[in-house]
Amino acid sequence: MCDFVFLSPQCDQYKKGIISGSSCKDLCDDHTLVFHQCLSSSPTHQVYRGLWRDREVIIKCGVEENLKAESNPDASPRRELVLFDKPTRGTSMDEFKEMLLNFLKAKLGDQTSLMVLVGRILAMADVNGDGKVSLAEAKSIWALLQLNEFLLMLSLHEKEHTSQLLGYCGDLYITEKIPHDSLYGTQIPTFLQTLLPSPIHTMVHQWFAPAWPRRAKIAIGMLEFVEEIFHGTYGSFFVCETSFKNIGYNDKYDFKVVDLRKVATEMTIKDFLKGRHCEQNSDCTYGRDCTAACDKLMKQCKNDVIQPNLAKACKLMQDYLLYGSPSDLKEELQKQLRTCMTLSGLASQMEVHHSLILNNLKTLLWKKISNTKYS
């Protein structure tokens, strides 16, 4: 569900000097950022396909985060709640830096590299490039940082498997459009999904899926992304809704994450689980499938997520890679994927098994497609 009416107050706030952003002029003055098609089906998630300087882009608006909204379906969109009230007038640059650092520590953990990220955020906030951050610039970047996906895009900006952030205005931000926004290259229309039986879904996906060597290249990219977020520059991250609908690929068949809102930081999940009352494991679930064990004696959630990212990725890859796979590879591939899917998220297992299984899978796939036109 999309609401184009909100653009008027967005531009009003810009013209009044309340907000700022690298794309405000394009949106409100030059009209070179144009909204074309609503891609949302939820009032708490506003996404549009648009055109920015003759380039196809995705435009996302600052509404309540999806993982949180799912646990409270009655929650209303937060557009009217974005007051751009922090930082307050009189806040010094040093105080704002401290605000940013404390915020990042709470979200990402006390990483040694956080000051580098603070510097990147301040450089992004300084829209006019005068070496200072105005109140409007500070308020806009602060509002954006409250959005999980924007924070993750900044945290993972060095990684080639996430969408490129192109610009922003207030708490609206623009990303590159991923040409193929589903792992299978196409998605069955929503109104047909409930009508068609599961075998038909599978047939459609297999029909439109790229050739097997292309799928192998995409899968290698998926494994690289799992590796990147396992111990990233700014901490560890968990994929909390594993679905072929949230990931895709570009025209070179490089793996791309379409929707980072389904990814959570380790700190976010720990805060969610800490002291949480439970009767069963499902009570300890963040998002759709970041589940920890329930200590039934203490009736409290434990700290470790049961299933790591790699096991979830391998479950997705099972159907994706086994269909049409070369006969001389199929048995070994099936065996490695089965082993991968049994991985647990316990810290004692993670380091050695995770790396070994991930590297074995990458090597197996890469050997098959290296030195061919598909590599």
Side-chain angles (χ1 to χ4, degrees), residues 5-35 46 48 50 52-53 55 57-65 77-108 111 113-158 163-176 234:
V5 179
F6 90 92
L7 289 175
S8 179
Q10 187 90 20
C11 289
D12 285 347
Q13 288 169 319
Y14 163 63
K15 287 170 180 176
K16 288 175 184 174
I18 298 169
I19 63 171
S20 181
S22 57
S23 305
C24 287
K25 192 171 184 294
D26 296 296
L27 176 68
C28 304
D29 295 339
D30 301 339
H31 306 293
T32 51
L33 175 59
V34 183
F35 288 66
Q46 294 196 3
Y48 307 84
W52 184 40
R53 300 174 187 172
R55 174 181 180 176
V57 293
I58 297 296
I59 305 162
K60 300 188 178 184
C61 311
V63 291
E64 187 62 59
E65 284 307 299
R78 65 185 275 280
R79 160 57 40 191
E80 69 278 11
L81 301 180
V82 181
L83 302 176
F84 299 102
D85 57 349
K86 287 184 181 179
T88 54
R89 188 173 296 281
T91 302
S92 69
M93 193 64 170
D94 286 340
E95 287 169 336
F96 187 49
K97 280 184 186 176
E98 191 68 22
M99 266 179 77
L100 289 172
L101 185 59
N102 290 335
F103 173 80
L104 294 175
K105 280 180 182 177
K107 292 290 183 182
L108 302 173
Q111 313 291 331
S113 52
L114 287 185
M115 278 310 296
V116 176
L117 188 55
V118 169
R120 176 172 158 75
I121 291 167
L122 291 172
M124 180 180 282
D126 182 17
V127 175
N128 59 9
D130 64 355
K132 302 171 186 176
V133 177
S134 69
L135 188 58
E137 289 171 339
K139 283 181 173 182
S140 298
I141 206 73
W142 183 260
L144 280 167
L145 286 170
Q146 311 312 306
L147 303 173
N148 182 56
E149 183 175 47
F150 186 86
L151 175 62
L152 292 180
M153 289 183 87
L154 288 184
S155 305
L156 299 169
H157 79 280
E158 296 166 349
S163 297
Q164 185 186 357
L165 180 66
L166 302 176
Y168 69 95
C169 180
D171 61 342
L172 168 152
Y173 58 104
I174 307 151
T175 70
E176 66 173 319
Y234 304 114

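Note that the structure is predicted; figures quoted are calculated from it, not measured. Numbering of residues begins at 1 and proceeds along the displayed sequence.
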Verdict with reasoning, Glu137 to Asn128, per side-chain contact (heavy atoms from CB on, under 4.5 Å): CA-CA 9 Å; Glu137 289 171 339; Asn128 59 9; 3.5 Å; yes
Side-chain contact test, heavy atoms from C-beta onward, threshold under 4.5 Å: evaluate it for [X] versus [Y] and give yes or no.
X      : Y      : value
Leu151 : Leu104 : yes
Asp171 : Gln10  : yes
Val34  : Tyr48  : no
Gln46  : Leu172 : no
Ile141 : Val133 : no
Gln111 : Leu117 : no

Least distance between heavy atoms, Gly167 atom then Ser22 atom: CA-OG, 3.4 Å
For Asn102, all residues meeting side chain to side chain donor-acceptor pair (under 3.5 Å), sequence neighbours excluded: none
Partners passing side chain to side chain donor-acceptor pair (under 3.5 Å) against Glu95 (at least two apart in sequence or in another chain): Ser92
Thiol sulfurs of Cys28 and Cys11 closer than 2.5 Å: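 Correct, these two cysteines form a disulfide.
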side-chain contact (heavy atoms from CB on, under 4.5 Å) between Ser163 and Ile58, intermediate numbers included: CA-CA 10 Å; Ser163 297; Ile58 297 296; over 6 Å; no
Side-chain donor/acceptor of Asp126 to backbone N/O of Asp130, under 3.5 Å: yes
Main-chain N/O of Ile18 paired with Gln13 side-chain donor or acceptor, under 3.5 Å: no
Ring pair (Phe, Tyr, Trp, His ring centres under 6.0 Å) pairs, two or more places apart, involving residues 85-105: Phe103-Trp142
side-chain contact (heavy atoms from CB on, under 4.5 Å) between His157 and Leu165, worked out: CA-CA 8 Å; His157 79 280; Leu165 180 66; over 6 Å; no
Nearest-0.5 Å distance, [atom1] of residue [X] to [atom2] of residue [Y]:
X      : Y      : atom1 : atom2 : answer
Met124 : Tyr168 : CE    : OH    : 7.0 Å
Ile121 : Lys97  : CD1   : NZ    : 12.5 Å
Tyr234 : Leu108 : OH    : CG    : 9.5 Å
Lys139 : Thr88  : NZ    : OG1   : 8.0 Å
Ser140 : Leu145 : OG    : CG    : 11.0 Å

Chi angles and distances behind the side-chain contact (heavy atoms from CB on, under 4.5 Å) call for Leu144, Leu154: CA-CA 11 Å; Leu144 280 167; Leu154 288 184; over 6 Å; no
Salt bridge (Lys or Arg N to Asp or Glu O under 4.0 Å) partners of residues 13-26, not counting sequence neighbours, each pair once: Lys25-Asp30, Asp26-Arg53
Residue list, side-chain contact (heavy atoms from CB on, under 4.5 Å) with Val57, at least two apart or on another chain: Leu33, Trp52, Arg55, Ile59, Leu166, Ile174
Qualifying residues under ring-ring contact (aromatic ring centres under 6.0 Å, His included), relative to Tyr14, sequence neighbours excluded: none
